[in-house]
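Shown next, in structure tokens, is the structure this report addresses.
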Amino acid sequence: NTLDDLAPGFDNETPECQRSYPLDHFNKKLVDMLEVLEHRRELTGDHGNALAYRRAMSALKAYPRDIRSVAEARKIKAIGPKIAKLEYLSTGKIKEVESTQTDEFTKVMDTLTNIYGVGPVTATHWYKDLGYRTLEDVRKHEDLTEMQQIGLKYYDDLRQIVAIEEAKAVAAVVEKEARSIKPGALFTLVGGFRRGKQWGHDVDVVLSHEEDRDVTGFLDQLIHNLCEKGDQLGKCAYSQDSVLTAQRTVRSTNTPGFIKDILVSKTPSPDTDDEDYKGTQDASEVQQCLCVVKAPGKSTHRRMDIIIAPREQYATTVLGWSGSRQYERSLRAYARQFCHMKLADHGLFHAKSRKQVPTASEQDVFEALGLRYIKPELRNM
Ligand code: DCP
Ligand code: MG
């Protein structure tokens, strides 16, 4: 099942999570077009076809040369006949991609789903049932969630992409403040930047420290300091108590410091497949603060995710937040299907006994799954 005559080293039987996905690959143009189609299928609720496109894209990203013919595409297991037959391989174009780019539904859906807190289901309802077409229409909507209100408020800023230099500067503010609270704090810039991307849509960081298993106090203190301190160094509008109680369930808005608004600050809810694990030892103690920040001296607001995990859950949290989303999915599916283990942000567990497998590093996780280590730069699946 190797394609040695065409693409030496590419084997159809290699598990998805054992392939290398460099940022630059040979089939970028085709993958970009398939992404448009995949996105459109998701928007119209055609999840099965969207998944088929994602599978094909994953294989193409790992494929060691540009695909040159339908026959070649057909040899790749993840590429079904429908995708292989796309006119791209003869014309270099895909008609549906071109028509999609000028299609009103897609344009409006993009506008609406670019509001933080608005997913495809809400956007479709607004488009089809309420006839919304513009942000002005949305602003008149009476039942916007707080998250959507914040999303609208920073709409233009949050659409601007973040360069890695700014991401590092933003991350450094948090790292410094965290170390002023806990000198030995562990800190990793995760997300796309860890995978070598030069641009991203937000800044994701994961923190930990060796001391307590309960990291809520650490996160509360960090959020408090970051809400209070910023380039304006104004008086904090919130007493420490109100921040500490407010941020656990709701959010703080219009704070004078580095953190401007808090979208979510809580323990993430368990995965949907977590029903079996309720009340067992593998409850997540990972805490998160999803917020909007403004770096000192900058004028554009940025989305930032600050994640804190106890030391025992740090490696898997770093792994889980390093992405890509698709790579995480493939790794978790592998753990489930071939190792009878559950891999989550908060740890690696034996599925049956629910006992945690100690993992001090990402390497430990791959090793426990019997896998070759794939470094972050090769996880751009
Ligand atoms: N993630 C997660 N749980 C969430 C959100 C994200 O586990 N609620 C994970 C999946 C992603 C990673 O964290 O792989 C980072 O999420 P982003 O959406 O920020 O994705 P990237 O950083 O890869 O992309 P971008 O460069 O667009 O920011
Ligand atoms: Mg990111």
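From a predicted model like this one, the values you see are computed outputs, not experimental measurements. Start at 1 and go down the list; that is how both ligands and their atoms are numbered. All values below were derived from every heavy atom in this structure, side-chain atoms included, with hydrogens, water molecules and symmetry-related copies excluded.
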| At what distance is the nearest protein heavy atom to atom 26 (O) of ligand 1, and which residue and atom is it? | Lys197 NZ, 2.8 Å
| field | Contact atoms of ligand 1, heavy-atom distance to Asp202 under 4.0 Å | value | 19 (O), 28 (O)
| said: Testing Leu226, Leu222, Val174 one by one against Ile259 for a side-chain contact (heavy atoms from CB on, under 4.5 Å), which residue passes? | reply: Leu226
| message | When you compare ligand 1 with Arg195, is there at least one nitrogen or oxygen pair between them that comes in under 3.5 angstrom? | response | yes
| request: Mind listing the protein N/O/S atoms less than 2.8 Å away from the Mg ion (ligand 2)? Waters don't count. | output: Asp202 OD1, Asp204 OD2
| said: Geometry only, no angles: is Gly191 polar-contacting ligand 1 at N/O separations under 3.5 Å? | reply: no
| field | ring pair (Phe, Tyr, Trp, His ring centres under 6.0 Å) contacts in which one or both residues fall within residues 155-214, not counting sequence neighbours | value | His209-Phe218
| remark: Per-atom filter on ligand 1: closer than 4.0 angstrom to a heavy atom of Gly200 are 26 (O)
| Under 3.5 Å, is there a donor-acceptor pair between the Asp46 and Thr44 side chains? | no
| Pick from Gln313, Lys355, Lys342, Met341: which one makes a side-chain contact (heavy atoms from CB on, under 4.5 Å) with Leu348? | Met341
| task | Examine the proximity of ligand 1 to Asp204 and report which part, side chain or backbone, both or neither, has a heavy atom under 4.0 Å away. | result | side chain
| said: Taking 4.0 angstrom as the limit and counting only heavy atoms of Ser324, give me the atoms of ligand 1 inside it, by number and element. | reply: 14 (O)
| Option nearest atom 21 (P) of ligand 1 (shortest heavy-atom distance, choices Ala167, Gly192, Ala344) | Gly192
| field | Minimum-distance protein heavy atom relative to atom 3 (N) of ligand 1 | value | Trp321 CZ2, 3.6 Å
| task | Could you tell me whether Asp305 and ligand 1 have an N or O pair separated by under 3.5 Å? | result | no
| field | Atom CZ of Arg179: over 12 foreign heavy atoms under 6.0 Å | value | yes
| Sub-4.0 Å atoms of ligand 1 with respect to non-hydrogen atoms of Gly323 | 14 (O)
| message | Using a 4.0 Å cutoff against the non-hydrogen atoms of Gly320, which atoms of ligand 1 qualify? | response | 7 (O), 9 (C), 10 (C), 13 (O)
| Do Glu175 and Lys168 sit within salt-bridge range, that is, some charged N less than 4.0 Å from a carboxylate O? | no
| Nearest protein heavy atom to atom 7 (O) of ligand 1: under 4.0 Å? | yes
